[in-house]
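Please read the structure below before turning to the comments.
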Amino acid sequence: METLTHGQVLARFGHALSDPLRARLLLALREGPGYPAQLADLLGTSRQNLSNHLACLRGCGLVVAVPEGRRTRYELADGHLAHALGHLLGVVLAVDPAACGASEEKGCC
């Protein structure tokens, strides 16, 4: 087990949220645990793609895999994450597209 600084925790959380599918996956797990096949169908993606994103979220420490016989259930690693996601959803952003340039590929908004 590794202890991370506050900055490292936020960086991992930011990396997880930087991909729209991972963000949707975290929101789905906020509602409750899920199984890969169920989550892939819910999010409209392949099981392989979902598996890659789940591995990323596990690596970031945000999701845990819970073995259940031959199946594996996934859930948020900490109940505080569900609350944090809820608080983030309550944030209202005033977006100025001109401030980021013409392309989202520049790594800004």
Side-chain angles (χ1 to χ4, degrees):
M1 185 70 81
E2 180 183 356
T3 302
L4 302 176
T5 66
H6 288 150
Q8 290 171 315
V9 169
L10 288 177
R12 285 175 183 244
F13 199 62
H15 175 73
L17 292 176
S18 70
D19 181 272
L21 185 61
R22 282 196 302 269
R24 291 175 45 224
L25 179 52
L26 285 171
L27 290 173
L29 292 174
R30 177 178 175 247
E31 299 300 318
Y35 299 93
Q38 165 203 25
L39 291 165
D41 290 344
L42 177 70
L43 299 174
T45 191
S46 69
R47 291 181 188 177
Q48 180 60 45
N49 189 33
L50 183 85
S51 177
N52 292 338
H53 287 291
L54 284 169
C56 175
L57 293 173
R58 281 194 327 268
C60 286
L62 301 175
V63 169
V64 293
V66 180
E68 290 184 341
R70 295 180 3 169
R71 298 176 72 190
T72 302
R73 183 183 78 233
Y74 288 85
E75 58 190 47
L76 295 178
D78 186 311
H80 290 98
L81 288 172
H83 296 292
L85 289 167
H87 289 297
L88 283 173
L89 292 173
V91 172
V92 177
L93 300 177
V95 178
D96 180 2
C100 293
S103 173
E104 289 185 18
E105 295 176 17
K106 293 182 180 181
C108 186
C109 345

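Following chains of ILVMFWY side-chain contacts shorter than 4.5 Å, one cannot reach L21 starting from Y35, and the two form parts of different hydrophobic clusters. Criterion: ILVMFWY side-chain heavy atoms under 4.5 Å apart, direct or through other members. Under it, L4 and L10 are not part of a common hydrophobic cluster.
Here the straight-line distance linking atom SG of C60 with atom CD of Q8 works out to 12.0 Å at 0.5 Å rounding. Once rounded to the nearest 0.5 Å, the distance linking CG of L39 with OG1 of T45 reads 11.0 Å. With values rounded to the nearest 0.5 angstrom, R73 atom CZ is found 11.0 Å from L29 atom CG. Within the model, atoms CZ of R24 and CG of L43 stand 5.0 Å from one another, a figure rounded to the nearest 0.5 Å. To the nearest 0.5 angstrom, H80 atom NE2 is 9.5 Å from H87 atom NE2. For the atom pair CG of L62 and CG of L17, the computed distance is 8.0 Å after rounding to the nearest 0.5 Å.
Looking at heavy atoms from C-beta onward, R22 lies in side-chain contact with L57 at the 4.5 angstrom threshold. Side-chain contact between V64 and E75 is present, with heavy atoms from C-beta onward closer than 4.5 Å. Counting heavy atoms from C-beta on, the side chains of F13 and L85 come closer than 4.5 Å. For the pair L27 and L89, the minimum side-chain heavy-atom distance is below 4.5 Å.
Nearest heavy atom pair, residue L54 against residue L25, reads CD2-CD2, 3.7 Å. Among all heavy-atom pairs drawn from A77 and G61, the shortest one is CB-O, 3.3 Å. Summarising the geometry of A82 relative to L76, their closest heavy-atom pair is N-CD1, 3.8 Å, with the distance given to 0.1 Å. The two residues R30 and G86 come nearest to each other via the heavy atoms NH2-CA, 3.4 Å. When all heavy atoms are compared, the tightest approach of G59 to R12 is O-NH1, 2.9 Å.
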